[in-house]
Amino acid sequence: NAGVTQTPKFQVLKTGQSMTLQCAQDMNHEYMSWYRQDPGMGLRLIHYSVGAGITDQGEVPNGYNVSRSTTEDFPLRLLSAAPSQTSVYFCASSYQYNQPQHFGDGTRLSIL
Amino acid sequence: GENVEQHPSTLSVQEGDSAVIKCTYSDSASNYFPWYKQELGKRPQLIIDIRSNVGEKKDQRIAVTLNKTAKHFSLHITETQPEDSAVYFCAASTGGGNKLTFGTGTQLKVEL
């Protein structure tokens, strides 16, 4: 079991560029989430999914899109990168509601 | 939405002493409260969790207490060791999406 795998680990973008952060899990978890972590602000929920084909917004969804076509994958798309999106992005998954969430290693994203 | 406040933001203790971190939440419907430990540059890792039908849970040197009436929960670490030094986050989950709202973290430093 690889757990939750995020790619890439590091990325530098220019303002206005778009990109997709990849997240895959091999634990057959139904629930998947994306968080961003900024200094002094903890982790904030961007989008989440309760199963294939079902997604919903979290606390800070603006500027991001998600889709969930399979149970395993939950990519996060930045539509037009802005410096305010410089952050560390974590993907997490859990088997069910109110079960422990397992985090990936994160993607460190810098937008110039 | 849910709001989680965490105190203190930094905590320094001597090795062998106890450490206590406190969190309050705003949504009385929250029913799942995990605690995560995050070492520098690493992913958050679950250390203990508690559900709203339980008042206290213990795992070796770590314990969590929950007071639903007052809407606060606390992490207790006894016999602290240098490897306990890390940032600790509390979180609360409300609703069916396993949506976690995190506190802003406590930097724990265990000094020799």
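Below, chain A is the first sequence line, B the second, and so on; all start at residue 1.
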**Q** For B:Y36 and A:Q101, indicate whether the former's side chain and the latter's backbone hold a donor-acceptor pair under 3.5 Å.
**A** yes
**Q** Output the distance between atom CZ (B:F102) and atom CD (A:E59), rounded to the nearest 0.5 Å.
**A** 11.0 Å
**Q** Tell me, side chain or backbone of B:F33 under 4.5 Å from chain A's heavy atoms, or both, or neither?
**A** neither
**Q** Under 4.5 Å between side-chain heavy atoms, counting indirect links through other Ile/Leu/Val/Met/Phe/Trp/Tyr residues: same cluster for B:L66 and B:I47 or not?
**A** yes
**Q** Indicate, with yes or no, if A:V88 and A:Y64 share a hydrophobic cluster defined by side-chain heavy-atom contacts under 4.5 Å among Ile, Leu, Val, Met, Phe, Trp and Tyr.
**A** no
**Q** Mark yes when over 12 heavy atoms from residues, nucleotides or ligands other than A:L112 sit less than 6.0 Å from its CG; otherwise mark no.
**A** yes
**Q** Flag yes if more than 12 heavy atoms outside B:Q60 fall under 6.0 Å of its CD atom; otherwise flag no.
**A** no
**Q** Can you tell which part of A:Q99 gets under 4.5 Å to a heavy atom of chain B, answering side chain, backbone, both or neither?
**A** both
**Q** Looking only at heavy atoms, what is the nearest atom pair of B:R51 and A:N98, with distance?
**A** NH2-O, 2.6 Å
**Q** At a 4.5 Å cut-off on heavy atoms, which part of A:R44 comes close to chain B: side chain, backbone, both, or neither?
**A** neither
**Q** Between B:V64 and B:L108, is there a shared hydrophobic cluster once you connect ILVMFWY residues whose side-chain heavy atoms come closer than 4.5 Å?
**A** yes
**Q** B:L100 versus chain A, heavy atoms under 4.5 Å apart: side chain, backbone, both or neither?
**A** both
**Q** Flag the one option from A:D105, A:L45, A:D56 with the top tally of heavy-atom pairs under 4.5 Å to chain B.
**A** A:D105
**Q** Does CD belonging to B:E79 count more than 12 external heavy atoms closer than 6.0 Å?
**A** no
**Q** In terms of hydrophobic clustering (I, L, V, M, F, W, Y; side-chain heavy atoms under 4.5 Å; direct or indirect links), are A:Y97 and A:M27 co-clustered?
**A** no
**Q** Examine whether an atom of B:P44 lies under 4.5 Å from a heavy atom of chain A, and if so say whether it belongs to the side chain, the backbone or both; otherwise answer neither.
**A** both
**Q** I need the single residue from B:K42, B:Q38, B:R43 that forms a side-chain contact (heavy atoms from CB on, under 4.5 Å) with A:F103. Which is it?
**A** B:R43
